[in-house]
Amino acid sequence: MKPVNKIKTLFGVFTLLLALVLLLSFKGESKAQAAAFLISPYYGNESINQGYHGGHPAYDYSLTYQPVLAAASGTVTRVQWYNNTPECHQSPSNTACGYGLHIYIRHNNNYVSRYAHLSSTAFNLNTTSAPVNDGVVIGTSGHTGWSTGPHLHFEVKDASGGNANPYALNLWKDGQAAGHPLPPLASGTEIIVDDNTTNSAGFSKGRGGIFNNNCPPNTCPYWYHYTGIGYGNDMYATFVNGNVVDYWARWQPSLPSGGGIYEVFVHTPGDHATSWQAPFTVVHADGQTIGRVDQYGLFNRWVTIGVYRMVPGNYVYTTDATGESQGIHCGGGQWCELGADAVKFVRRDTLYQSLWRGNQGWSNSVAIINNLPQWGTGTGWLGTTSLDYLPGSGALQTQTYFVIGNTLWQGMWRGNQGWSRTIPLHNGQIRWGSASSWSGPAPISGLPGSGTLQTQSEFVVCNTLWQALWRGNQGWARTIPIQGGQPVWGSASAWTGPISISGLPGSGNMETQTEFAVGNTLWQAFWRGGQGWTRTVPINNCNLNWNGASAWTGPVSINGLPGSGSMQTQEDFVIKP
Amino acid sequence: MHTNNRIIVRMFSLLLLLIISCTPNSVEPPVTDLSEVSFSSEQSGTSSKSLIRYATIELEENGNAHFHEPAHFSHFELAVDAQTNIIEAVSITLSPELDFIPDHVVPSPDGGYLVLMQPVVPGGRPHVFNQKTGEVQALFETYAGGRFFGWHPDARHFLFWIDMVGLWLVDAETGNKLKLAEPAGPVQGAAISPDGQTIAYITNDLPDTVGALWFVDSAGKDARVQFDAGDISYLYSHAWSPDGMQLLYYGNCSAGSGGKNIQVGGPLCVFDTLSQSSQSLELPFVGYEPVWSPNGRYIAGTGLATKTEACQKTIILSESDSCLYNGRSIYLVDMVTGETQELTEGIAPVWSPDGSSLAFLSHRTGVPEVWTISIDGSNLKQLTTDGLAKSPYGQLAWVQEVE
């Protein structure tokens with residue numbers, strides 16, 4: 001809870017009244033599938049190079065080896081090459097080559113989205129049942145199969161397998177199918193592990209089975225070393241070996257304590273890498289996942305094989321067991337080559353979530369890719385934290401976080417007394433151990449309204465800190481300018497309100513509210529009566545476009561959350577690397 | 001080569017009169033039980049001439065093609081005698097009312113129908129032209145494109161597959177469809193047996209078996225797995241030997257040997273349905289459909305000369321079709337002696353109806369052209385000379401003229 005000082009009204013009352021329709025929506029793990037179910041990580045009309053018509057019941061987006069994201073939650077039911085014959089790696093004229101390397105996702109309404117001509121996948125070949133959430137990275141676009149140039153072929157089939165025009169049927173739930181350009185990929189801190197001749201700096205290779213027989217220079221006869229090619233001007237290559245693991249290579253990054261969420265990229269050189277389906281296994285904090293890379297179709301490119309939570313000790317490895325034998329894919333009785341070059345680990349923005357139920361705390365972290373939370377890639381709810389670690393006494397009423405620069409601001413209320421502190425951020429890591437002391441308590445009498453404090457929330461948009469609170473089912477809001485990385489409390493606007501809870505969906509008392517801003521979108525959620533609601537609000541040039549807010553989605557049952565008891569508080573905030 | 005640009009007579013004449021009203025098939029015709037239909041593969045009235053059919057595309061100087069520009073496509077037919085001398089060369093003019101240019105035109109064995117394949121991702125949409133009525137019927141209009149897997153020997157039905165919709169036997173006369181199977185995975189090729197009774201196809205409908213080769217009868221019954229053709233496998237549409245006893249496939253030749261996914265030779269294999277075992281062919285296969293000779297003694301295919309690099313990646317990515325011919329040759333496997341010989345440079349061979357010659361595509365003059373050669377390596381002939389303006393591509397067809 002931040003000190004409440006006398007403030008000036010900085011914004012029109014009308015604006016703030018609209019702002020009071022902030023709903024904290026806890027982002028539940030499942031979303032109801034309505035008629036509109038697709039989201040738009042794609043890519044705007046200006047990026048379409050062939051639209052939907054009778055001879056082409058799909059959209060072609062002019063992507064050039066860029067990440068491909070799932071358009072809606074569902075189950076991955078297909079990861080395969082459309083045609084295995086050697087002549088069908090890529091052809092502009094041979095229609096038999098079809099989709100090339102492709103992925104199908106079956107959604108909860110039994111529609112199927114198809115992603116074709118890929119160059120890498122974040123799932124193993126022949127995957128038939130893998131859950132995936134919308135916006136998650138599923139692979140990299142490419143130029144495989146029947147393709148005249150690099151692009152993403154995006155197709156939707158209805159529940160009967162018939163053609164469906166996603167735009168015409170208005171299946172895009174965020175209404176942004178048209179004119180919604182792909183946001184620039186947020187840059188994150190990168191760790192590149194490159195091959196080397198000394199089995200050092202995180203790279204190692206060997207033979208005779210997985211991680212057997214590390215080979216220092218010149219002791220692995222069939223790891224061929226090539227210079228003048230590849231990332232760092234060298235690479236290794238070996239011949240594929242069907243389904244038998246013999247030769248291997250491993251890339252282990254030096255990750256900071258606590259790890260983080262990383263997108264993993266693999267580099268393919270321009271030669272000596274001709275496997276159509278090189279396997280790269282990511283050993284991450286939540287298990288192992290195999291991605292596949294079409295090395296034959298890549299020339300000095302990085303491609304993604306997915307986003308993972310990784311902690312120190314995690315790594316990526318490949319083996320010569322690509323599934324390809326002599327004469328398969330590469331033709332002419334020859335063996336394809338598996339290239340081992342460099343692997344890159346890119347730290348991604350992380351959405352942190354915390355909640356309290358029954359005086360026990362839980363936390364979750366979720367990657368953000370292309371300004372979309374990658375629901376399902378998170379740690380999963382981790383808990384529990386006891387209330388004993390927090391200052392004050394009494395039941396926890398609310399907790400709040402917001403980030404300004406390299407500082408995480410944390411506040412909480414319990415027993416109608418407020419406390420706050422700051423925690424430094426470093427390279428995307430929260431330095432809990434370096435947190436300031438809690439300051440407080442601040443009395444609730446400094447807040448507008450009456451009754452018990454039900455919830456307080458804060459979020460930052462550009463240079464403005466927004467605050468909202470609910471007491472006695474009445475809402476209040478104000479803004480505080482940010483200068484020099486600090487809220488200027490003395491210049492805070494007056495509290496605007498009260499707003500009645502009757503304007504919100506659902507029923508029951510307000511329990512908690514949360515927001516977070518990612519890119520040009522403010523995500524809002526609230527819980528009342530044990531049910532959660534969410535919506536998004538566009539941000540235009542640092543202004544919140546309340547009129548353009550999406551409809552409220554919900555309700556989501558609290559049963560999907562960990563713990564037991566009533567919802568006390570939930571808060572989300574984004575940490576950039 | 002002088003080409004007769006008149007609108008041709010014979011079986012293609014009615015193409016000029018194509019009724020491209022293209023009655024939409026918005027309602028699926030009823031499924032037909034074909035179990036009581038007798039199939040006949042007899043042909044009558046053959047002449048001494050045979051016909052080589054091919055499609056062409058206009059190429060740029062650098063070898064790039066305008067595949068999205070219909071005006072640059074053409075279809076041709078060469079009538080040749082027994083010595084592969086050209087008797088007549090005809091440009092097939094499709095009616096301008098046809099609102100697409102087919103990338104494949106596949107006549108039925110007796111010429112009574114044409115399947116015109118409209119390119120629709122991921123494959124094509126079939127339009128059936130009935131020579132007797134002059135009508136064109138579009139099929140599977142509400143679905144993604146599929147794959148044409150060959151005519152039934154009865155010259156009336158054909159095999160067609162659409163991913164996630166099914167593998168069908170389609171009646172060209174009525175448009176009725178019989179679903180033979182509905183595989184969950186992509187069908188890696190399918191082929192109808194010479195007697196029309198059995199359809200073979202590869203898919204991954206079994207747990208832990210990605211490349212299962214299945215048989216199903218022409219009534220869509222008695223589906224049964226034959227063997228594991230390998231995780232990476234394919235069945236071309238002319239896979240059956242003429243006597244129907246063997247299957248040619250691309251994949252793992254350990255089939256029938258109990259060696260699950262233990263690669264034995266390959267990647268071209270011949271499965272014997274009697275002994276239930278496979279043998280590996282010593283043909284350095286590099287793609288394009290391998291084909292049985294009409295008498296079943298030989299298999300012709302496209303191979304890559306030893307130690308020849310298939311293609312530089314830079315070329316693949318920028319001008320992929322320019323790499324189609326590099327180091328490729330026509331190979332002949334004698335199934336009696338086991339001998340394999342390299343005949344001549346080229347790709348995608350097809351047999352003459354009498355089995356004495358092969359037609360193929362070659363780039364030896366600097367541009368793709370149609371060539372023929374006798375199976376003893378003699379009588380090498382260049383049949384087309386249109387160069388970049390009309391560059392042959394795709395699979396040729398060589399059929400006996402039916403009078």
Side-chain angles (χ1 to χ4, degrees), chain A residues 50 54-58 77-78 80-99 102 104 112 114 116 125-126 128 143 145-146 148 153 155 157 161-163 242-243 270-271 273-274 276-277 296-299 323-334, chain B residues 57 65 67-68 100 103-104 117-125 141-145 147 162-165 184-186 188-189 204 210 230-234 236 250-252 261-263 266-268 284-288 303-306 308 310 312-314 316-317 320-321 324 327 393-394:
Chain A
Q50 185 173 189
H56 184 263
T77 58
R78 167 84 65 81
Q80 283 197 5
W81 282 89
Y82 186 83
N83 187 322
N84 281 329
T85 57
E87 69 266 33
C88 271
H89 174 262
Q90 183 262 314
S91 170
S93 63
N94 191 348
T95 58
C97 301
Y99 289 140
H102 63 283
Y104 290 1
V112 175
R114 300 181 176 182
L125 285 176
N126 307 310
T128 58
H143 183 22
W146 176 29
T148 57
H153 174 95
E155 193 170 335
K157 294 289 172 259
N163 298 330
N243 290 320
D271 203 353
T274 55
W276 291 25
Q277 50 192 54
Y296 196 43
L298 294 168
F299 191 93
E324 297 156 308
S325 335
Q326 185 178 11
I328 294 291
H329 281 162
C330 293
Q334 299 180 10
Chain B
I57 183 71
F67 286 106
H68 282 317
F100 65 91
D103 69 317
H104 288 94
M117 289 299 295
Q118 175 190 8
V120 176
V121 178
R125 180 173 295 142
E141 281 186 295
T142 60
Y143 297 101
R147 298 286 314 283
I162 300 178
D163 194 17
M164 303 301 292
V165 176
Q188 296 288 346
N204 67 343
V210 177
D231 289 357
I232 301 171
S233 51
Y234 194 83
Y236 289 93
Y250 165 75
N252 184 347
N261 257 334
I262 298 173
Q263 183 72 22
L268 273 189
F285 182 65
V286 74
Y288 308 101
L304 185 69
T306 307
T308 300
Q312 298 271 335
K313 278 212 261 189
T314 49
I316 292 171
L317 297 175
S320 56
D321 276 4
L324 290 179
Y393 76 96

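Just so it is clear, the structure is predicted and the values come from calculations on it, not from any experiment. Here is how names work: the chains are called A, B, and so on, in the same order as the sequence lines, proteins then strands, and each is numbered from 1.
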Please classify the contact of [X] with chain B as side chain, backbone, both or neither, using a heavy-atom distance under 4.5 Å.
X	value
A/Ala96	both
A/Trp81	backbone
A/His153	side chain

Taking every non-hydrogen pair under 4.5 Å, which of [options] racks up the most with chain A?
options	answer
B/Gly189, B/Gly145, B/Gly124, B/Ser233	B/Ser233
B/Phe285, B/Tyr288, B/Tyr250	B/Tyr250
B/Pro186, B/Pro119, B/Pro122	B/Pro122

**Report entry** Side chain, backbone, both or neither of B/Val121 within contact of chain A (heavy atoms, under 4.5 Å)
**Finding:** both
Looking at every heavy atom in both [X] and [Y], which two are closest together, and how far apart are they?
X	Y	result
A/Gly161	B/Tyr143	O-CD2, 3.4 Å
B/Pro267	A/Gly327	CG-O, 3.4 Å
A/Asn163	B/Glu141	ND2-O, 3.9 Å
A/Lys157	B/Ala144	CE-CB, 3.5 Å

Requested in this report: Using a cut-off of under 4.5 Å on heavy-atom pairs, state which of A/Asn84, A/Asn126, A/Thr95, A/Thr128 scores highest against chain B.
Outcome: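 So the answer, after comparing A/Asn84, A/Asn126, A/Thr95, A/Thr128, is A/Asn84.
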Query - Pairs of heavy atoms under 4.5 Å with chain B: top-ranked of A/His329, A/Gln277, A/Glu324, A/Arg114 - result: A/His329
Query raised in the report: Given side chains that start at C-beta, do those of A/Pro57 and B/Val120 come closer than 4.5 Å, heavy atoms only?
Result: yes
**Report entry** Pair B/Asp163-A/Tyr82, side-chain donor/acceptor within less than 3.5 Å
**Finding:**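 There is no such pair (donor and acceptor under 3.5 Å, judged by atom type) between the side chains of B/Asp163 and A/Tyr82.
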Query - Short side-chain to backbone donor-acceptor contact, A/Gln80 and B/Gly185, under 3.5 Å - result: no
Query raised in the report: How far does CD1 of B/Ile232 sit from CG of A/Leu125, to the nearest 0.5 angstrom?
Result: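 Nearest 0.5 Å value for the CD1-CG distance: 8.0 Å.
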